[in-house]
Number of protein chains: 2
Amino acid sequence: MFSLSDAEGSVSASELGRSLGVSTPSVSSMVRKLAALDLVAYVKYQPLKLTASGRKAAALVIRKHRLTEMFLVEKMGFGWEEVHVIAEQVEHVKSPAFFARMDKLLGYPTVDPHGSPIPSPEGTITDLRKHQKLSDRQPGEKVRIVGLAHSSNDFLLYLNERGIALKTALTILRREIYDGSLTVNYDDKKDVVLSKVVADKLLVE
Amino acid sequence: MFSLSDAEGSVSASELGRSLGVSTPSVSSMVRKLAALDLVAYVKYQPLKLTASGRKAAALVIRKHRLTEMFLVEKMGFGWEEVHVIAEQVEHVKSPAFFARMDKLLGYPTVDPHGSPIPSPEGTITDLRKHQKLSDRQPGEKVRIVGLAHSSNDFLLYLNERGIALKTALTILRREIYDGSLTVNYDDKKDVVLSKVVADKLLVE
DNA sequence: TTATAAAGTTAGACTAGTCTAACTTTAAAT
DNA sequence: ATTTAAAGTTAGACTAGTCTAACTTTATAA
């Protein structure tokens, strides 16, 4: 629910069911159990919303997920495209000490390997929207990649092939009016063309 | 089943149920499902036994458990008394790559932090019974601790308090005929008395 | 303003896993 | 060899979670 929520924090039952691989009646029945636990604000026939404590619970799971991803990359040598599926399993571990130790060994990181913020132990999550899209920057500017708006496997592999990662410094050379694609330089690469679709998903500062 | 098996590789349904916190009818019904998967050799009213493939499946779970325990101690700084409960959760992670990476980072260890053997990736498990108990050794002998016959939390804390760990070298000074207790020296400790109960559980070479 | 399509809910069936109570088998003891 | 207590199994009920089909509500659009 947390990750599917729109700007108002709402999800439709059907969208949730689709994403969970479950029918809408199943969503209905589960959501009412979550409402009984005060995790979901449930109003019949209305879009679903998490309560404050639901959002906190979600943030704490996301915290475990992202700490794990960071640990897998930094301490175990996995690639950023490999860690999501592993972390989805490890995040179910109950032991707070386990994640506290990861946090400490990592030096209390604030973002995961894809640049997404790691919620605090209290369940506070900083908003990523303060970052700007690469596609909004102008030719001539020099920017640094600090996050990804989405991080599907295909996208991560696309970036790997081009040697683009967090902290890569890009110089914007040109923008095509027609399709919004950008031509950029970075590291030892010259005149690399990135489509608008890609530039929209690269967050920079 | 694997860990409760006696010398003949058998467990009673009631013992299994007790250890799992489940009634005997539940054991019955699960065991028949495992028999359908050829993991358990099931004969009505007879003690339960794993099949060869059941033993292999069990060994592979134990492998994940013990690799995790070793990783928690060696790479994450946990104490040997803390790792069992965490590893019980982490062992459920599916990703073979995750455990393969632990194995590699640990340098392919053969025993866990309690001296118990780590099964091979093929599911072969070496027998610990080749080790001798401390209680079978004679006064005057010098021995090294290489394993524990059991590793309950209480026992591990008992050993922590006395500074006894794997690889501790002991000199046996005296054995009491009456209760079988041993007096030993090790490190900078002198004349430490270990009861027969303790000496039975310390495996040495 | 009403009709209608899309979304959500209720009803009822099914499965997996658990339980207790009643019954059967095994094996230990007279 | 027979009795009997312990262990195991079967029967049947219950819960949680899922589904499809039928029904209700919402909101869009004529």
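Side chains are part of it too, since the values below use all heavy atoms of this structure and drop only hydrogens, waters and symmetry mates. In the text below, chain A, chain B and the rest are named by the order of the sequence lines, each starting its count at 1.
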message: Heavy atoms only, 4.0 Å cut-off, all strands: where does Val22(B) land among base, sugar-phosphate and nothing?
response: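 Here Val22(B) touches the backbone only, sparing every base.
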Should [X] be listed as having a side-chain N or O under 4.0 Å from OP1 or OP2 of [N]?
{"X": "Thr24(A)", "N": "dG8(C)", "value": "no"}
{"X": "Tyr45(A)", "N": "dA6(C)", "value": "no"}
{"X": "Lys44(A)", "N": "dT24(D)", "value": "no"}
{"X": "Ser12(B)", "N": "dA7(D)", "value": "no"}
{"X": "Ser23(B)", "N": "dC19(C)", "value": "yes"}
{"X": "Ser26(A)", "N": "dG17(D)", "value": "no"}

- request: Between Val43(B) and Pro25(A), name the one whose nearest nucleotide on DNA chain D is closer to the 5' end.
  value: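 Of the two residues, Val43(B) wins.
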Counting side-chain heavy atoms from C-beta on, which of [options] comes nearest to [X]?
{"X": "Gln46(A)", "options": "dT9(C), dC19(C), dT26(D)", "answer": "dT26(D)"}
{"X": "Arg32(B)", "options": "dC19(D), dT9(D), dT10(D)", "answer": "dT10(D)"}
{"X": "Lys33(A)", "options": "dG17(D), dG8(D), dA27(D)", "answer": "dG17(D)"}

query: So how far is it from Arg63(A) CZ to Asp103(A) CG, rounded to the nearest 0.5 Å?
result: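 Interatomic distance, Arg63(A) CZ to Asp103(A) CG, rounded to 0.5 Å: 4.5 Å.
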